[in-house]
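Written out below as structure tokens is the structure these notes cover.
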Amino acid sequence: MKRVFNPPSVRKPFGQYNHGLLVPPGANLLVTSGQLGISPEEKIPPDVASQAEICFKAIGAILEEAGMTYADVIRIAGFVTSREDFPAYMAVRDRYTMEPKPASTLIVVGGFTRAEFLVEVEVTAAKVF
């Protein structure tokens with residue numbers, strides 16, 4: 001069972017995430033590479049929400065192949081190219097995350113390998129046996 005940590009001495013989380021999660025010994029750990037908003041058909045949607053949807057679907061496929069689900073995600077790192085994209089990204093993220101909510105970081109970056117990319121997402125998951 002994962003334990004959640006949101007100490008009263010730390011400001012309450014800004015959104016649907018926890019400040020810390022403790023995973024018990026013996027859990028399998030999965031770390032993904034950053035997933036970009038590009039479909040298997042090489043299509044890149046023009047908006048951050050659609051790109052984030054592609055990122056989270058790709059992560060879901062990786063989790064499934066590892067025998068995991070979004071319930072096993074303990075940490076998400078999101079990267080967007082504009083502060084204005086925070087709400088759209090977080091709406092997609094919040095649809096995919098499950099309880100207990102993972103730890104989460106969201107960073108504004110100057111860009112990615114291609115100018116069309118607006119978001120990149122990576123996760124760490126732990127399957128407790």
Can you tell me how far CZ of R93 sits from CZ of F86, rounded to the nearest 0.5 angstrom?
10.5 Å
Transitively linked via ILVMFWY side-chain contacts under 4.5 Å: M68 with L29?
no
ring-ring contact (aromatic ring centres under 6.0 Å, His included) partners of F112, counting only residues at least two apart
none
Looking only at heavy atoms, which two atoms of C55 and G37 are closest? And how far apart?
SG-N, 3.6 Å
Is there a side-chain contact between Q35 and I62 in this structure, where contact means two heavy atoms from C-beta onward sitting under 4.5 Å apart?
yes
Not counting sequence neighbours, which residues clear side-chain hydrogen bond (donor to acceptor under 3.5 Å, both in side chains) with N28? List them please.
none
Does E99 have any side-chain hydrogen bond (donor to acceptor under 3.5 Å, both in side chains) partners at least two apart in sequence or in another chain, and if so, which?
none
Residue list, side-chain hydrogen bond (donor to acceptor under 3.5 Å, both in side chains) with E53, at least two apart or on another chain
R95, Y96
Using residues 6-24 as the side-chain source, report each donor-acceptor pair under 3.5 Å to any protein atom, sequence neighbours left out, with the distance given to one decimal.
from: N6; atom 1: OD1; to: H19; atom 2: N; distance (Å): 2.8
from: N6; atom 1: ND2; to: N18; atom 2: OD1; distance (Å): 2.5
from: Y17; atom 1: OH; to: F14; atom 2: N; distance (Å): 3.0
from: N18; atom 1: ND2; to: K101; atom 2: O; distance (Å): 2.7
from: H19; atom 1: NE2; to: R11; atom 2: O; distance (Å): 2.6

Can you list everything that forms a salt bridge (Lys or Arg N to Asp or Glu O under 4.0 Å) with E64? Sequence neighbours excluded, please.
none
Search all heavy atoms of P102 against all heavy atoms of V73 and return the closest pair with its distance.
CB-O, 3.6 Å
For residues 27-45, the salt bridge (charged side-chain N to carboxylate O under 4.0 Å, His left out) pairs (sequence neighbours left out) are none
Kindly indicate whether the side chain of V92, heavy atoms from C-beta on, has any atom under 4.5 Å from the side chain of V48.
no
Would you mind writing out the side-chain donor-acceptor pairs for residues 75-82 within the sub-3.5 Å range, not counting sequence neighbours?
from: R75; atom 1: NH2; to: T105; atom 2: OG1; distance (Å): 3.1
from: S82; atom 1: OG; to: E84; atom 2: N; distance (Å): 3.2
from: S82; atom 1: OG; to: E84; atom 2: OE1; distance (Å): 2.5

Residue pairs meeting salt bridge (charged side-chain N to carboxylate O under 4.0 Å, His left out), one or both in residues 108-118, sequence neighbours left out, come to R114-E116
Test side-chain hydrogen bond (donor to acceptor under 3.5 Å, both in side chains) applied to R3 - qualifying residues, sequence neighbours left out:
none
Can you hop from Y89 to I54 via hydrophobic side chains spaced under 4.5 Å?
no
Give, for atom OG1 of T113 and atom CD1 of I38, the distance between the pair rounded to the nearest 0.5 Å.
8.5 Å
Transitively linked via ILVMFWY side-chain contacts under 4.5 Å: M1 with F5?
no
Extract all donor-acceptor atom pairs below 3.5 Å that involve side chains of residues 118-129 and protein atoms in other chains or at least two apart in sequence.
none

According to side chain to side chain contact (heavy atoms under 4.5 Å, CB included), who are the partners of A71, at least two apart in sequence or on a separate chain?
T69, M98
